[in-house]
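Report on one structure; see the data block that follows.
These values consider heavy atoms only, across backbone and side chains, with no hydrogens, waters or symmetry-generated copies. Every chain is numbered from 1, with letters handed out A, B, ... down the list of sequences. Model, not experiment: these values are computed from the prediction.
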Amino acid sequence: MSTEQAATSRVRAAELVQPYRVHGSVYTSPDVFELELRRIFREGWVFVAHESEIPEPGDYITRRLAGEPVIVVRGKDRVVRVLANRCAHRGNRLCNAEAGNSSSFRCPYHGWTFSNDGSLVAVPMRDGYGERLHEVREGLGLVPTPRLDSYRGFVFASLAPAGISLLEHLGRATGAIDRLLALSPTGTLQLTAGWMKHHQQCNWKMVMENNVDGYHALFTHQSVYDAVRPAKVSHVPSKVEVYVRDLGNGHAEIDYLPEYTRLDEEFVWFGRLRREQAPEYVAAMEHAHGPERTHRAFVVGPPHTLIFPNLFLAEMNIMTVEPLGPGETIAYTTPALIPGAGGLNGRMLRRTEGAMGPAGFLIADDGEIGRRNQLGLAARQPEWIELSRGLEDDLTDETGVVNHDKSAETPQRGWWRHWAAVLDGRLGAGEGDA
Amino acid sequence: MSTAETVAGNETADPPTPQGIPDEDISAFLFLEARLADEARYSEWESLWDDDALYWVPMHPDDDPATRLSYVYDNRRRIRSRIAQLNSGARHAQTPPSVMRRLLANLEVLERTADTVTVGANFVLFEHREDTTTWAGRYVYVIRRTADGQLRLARKTVHLVNAAHAVPTLAFLL
């Protein structure tokens with residue numbers, strides 16, 4: 001048993017999660033964090049990149065996956081791969097650029113060169129390997145992630161060779177990706193504006209959970225609504241038909257669809273944009289989807305959906321998180337630009353800057369609240385965090401567990417139920433990585 | 001070099017020969033701007049800006065804001081909103097305001113036009129909340145002298161040395 005396994009084998013998540021409350025240590029315990037890295041970020045499916053970030057053969061980006069450096073690269077065969085960013089010879093980090101285009105990667109330490117499909121193509125002064133050369137050349141390529149799959153451009157990876165399929169993992173959350181892509185005339189996105197990287201002093205789960213917390217906006221974001229502009233629709237639950245939903249598998253959302261449908265007004269979700277402000281986009285949408293589906297898409301707008309564990313479809317933004325430690329997280333955000341949307345994309349950039357990231361009118365305050373949450377949890381009492389809001393009004397239907405009060409803690413209850421099951425190895429875990 | 005009218009551009013492509021150092025009143029204006037930002041004197045800081053203001057914190061010096069995301073890209077209207085939020089008393093990320101002091105150094109003129117002067121300066125900023133965070137980078141300012149001799153800030157670009165990587169919350173005035 002490794003040291004890591006010895007530490008994490010002490011954790012029993014079922015003891016930390018009850019139907020309506022969770023133990024405070026889920027945010028602070030180093031043992032819980034180590035187990036999360038293993039069960040969730042190594043063995044499970046995690047969002048790693050979007051295909052539009054590497055559109056051409058040879059395009060690559062570098063990322064970290066559960067702390068491991070990886071290269072996400074489109075080979076000359078156009079296949080997207082996620083490769084360990086480690087020279088297979090002595091372990092040097094091979095690619096040190098954030099992004100680029102290259103047919104191969106050459107290690108500056110001893111000159112070993114790897115094709116962008118991962119195969120080892122050149123070993124300098126190769127005679128020195130004698131009879132082992134063949135074995136070295138065949139066996140020492142860049143190691144691909146055991147599993148890689150994508151759904152409509154969103155690329156997910158798992159560092160475990162076995163486990164449930166991506167589609168099984170995504171479950172009902174595919175509907176949220178579909179809802180976003182219904183706003184694109186081409187059914188695709190262009191995540192090419194760059195990612196804001198926000199270093200937050202809190203647990204990664206606080207960042208994610210808060211995204212589907214319909215209760216906090218009136219308080220955390222009061223300064224925006226009072227001093228800058230009113231909210232798109234009221235955050236007072238009794239005044240709106242905004243639902244919250246546990247979609248299963250830890251996925252959850254705040255669903256504005258009933259309220260937007262009731263209003264039957266286009267672009268309530270985009271500063272009440274008027275069609276004449278985005279003529280190229282409207283024309284492209286009507287050409288692609290026809291007038292009725294276009295009107296419907298403009299009314300119902302994008303998803304506000306968290307996809308377990310690290311992807312948040314933040315309406316017209318995409319957010320992902322990288323856990324660095326129990327109290328340290330990087331949040332990455334980029335706008336969901338739409339091919340052929342013309343001036344709409346420029347508006348989207350400015351809206352993202354206004355709301356999101358370290359200086360954003362919304363997220364800077366969420367980051368501060370997260371930091372104080374982490375500080376507050378240093379007090380060990382009360383032991384439990386209360387998540388019972390709306391428990392008695394939860395309704396189960398074919399869409400999941402729904403609550404018609406947007407401030408209900410239904411999304412959190414779904415998130416934690418799944419989290420505990422994954423940590424305890426009761427579902428969704430790979431078999432080969434233990 | 002860029003002027004207030006230019007949107008994009010590589011502001012690190014500064015002139016290779018000395019263009020002089022700023023006049024005394026220009027330097028004094030920039031030191032005042034720095035002090036008002038340090039001391040969270042939000043409305044007084046806002047009053048330094050001209051109508052065509054642009055307060056820009058890019059993620060890479062060469063980024064074109066027409067296609068690339070920035071940390072901050074505030075026109076005059078958004079500066080007003082940012083200040084209104086800070087003045088609300090409920091901007092939690094700045095409640096209480098960070099205690100700050102910044103040093104400006106290497107002030108040099110980069111370009112002069114009939115009514116503007118572009119100044120580059122390096123800075124170090126110490127921000128204290130419960131820990132001290134050190135920020136550093138380069139400011140590029142475009143300052144306008146109005147017909148009645150007043151100085152107005154038309155543009156302030158902040159190139160953080162760590163802009164390409166993860167940065168902490170920056171809800172204060174950089």
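- Listed by sequence position, Phe219(A), Thr220(A) are the residues of residues 213-220 of chain A in contact with chain B, using a 4.5 angstrom heavy-atom cutoff.
- Shown here is Glu276(A), whose CD atom has more than 12 heavy atoms of other residues, nucleotides or ligands within 6.0 Å.
- Remark: Leu191(A) CG to Leu69(B) CG distance equals 11.5 Å, nearest 0.5 Å.
- Of the listed residues (Ala331(A), Gly346(A), Gly357(A), Gly354(A)), the greatest number of heavy-atom pairs within a distance under 4.5 Å of chain B belongs to Gly354(A).
- Counting heavy-atom pairs under 4.5 Å between each of Ala163(B), Ala166(B), Ala171(B) and chain A puts Ala166(B) at the top.
- Of residues 193-209 of chain A, those residues with a non-hydrogen atom less than 4.5 Å from any non-hydrogen atom of chain B are, in numerical order, Ala193(A), Gly194(A), Trp195(A), Met196(A), Lys197(A), His198(A), His199(A).
- Counting heavy atoms from C-beta on, the side chains of Arg350(A) and Pro65(B) come closer than 4.5 Å.
- The environment of CZ in Arg64(A) is sparse: at most 12 heavy-atom neighbours from other residues, nucleotides or ligands sit within 6.0 Å.
- We find the CG-OG1 distance between Asp365(A) and Thr95(B) to be 7.5 Å, quoted to the nearest 0.5 Å.
- With a threshold of 4.5 angstrom between heavy atoms, Arg129(B) approaches chain A through side-chain atoms but not through N, CA, C or O.
- For Arg272(A), the CZ atom counts as densely surrounded, since its 6.0 Å shell holds more than 12 non-hydrogen atoms of other residues, nucleotides or ligands.
- By number of non-hydrogen pairs under 4.5 angstrom with chain A, the leading residue of Arg68(B), Met59(B), His60(B) is Arg68(B).
- Within the 4.5 angstrom heavy-atom criterion, atoms from both the backbone and the side chain of Ser81(B) approach chain A.
- Between the NE2 atom in His221(A) and the CD atom in Gln85(B) there is a gap of 9.5 Å [rounded to 0.5 Å].
- Proximity to chain B is absent for every atom of Arg229(A), based on heavy atoms less than 4.5 angstrom apart.
- Using a 4.5 Å heavy-atom threshold, the side chains of Phe361(A) and Arg78(B) count as touching.
- Leu375(A) is listed as a side-chain neighbour of Glu130(B), based on a closest heavy-atom distance under 4.5 Å.
- Here OG1 of Thr67(B) is found 7.5 Å from CG of Leu349(A). Values are rounded to the nearest 0.5 Å.
- By the 4.5 Å heavy-atom criterion applied to side chains, Ser88(B) and Asp226(A) are not counted as neighbours.
- Ranked by heavy-atom pairs under 4.5 Å with chain B, the list Thr334(A), Asn345(A), Thr192(A) is led by Thr192(A).
- Within 6.0 Å of CZ in Arg86(A) there are 12 or fewer heavy atoms belonging to other residues, nucleotides or ligands.
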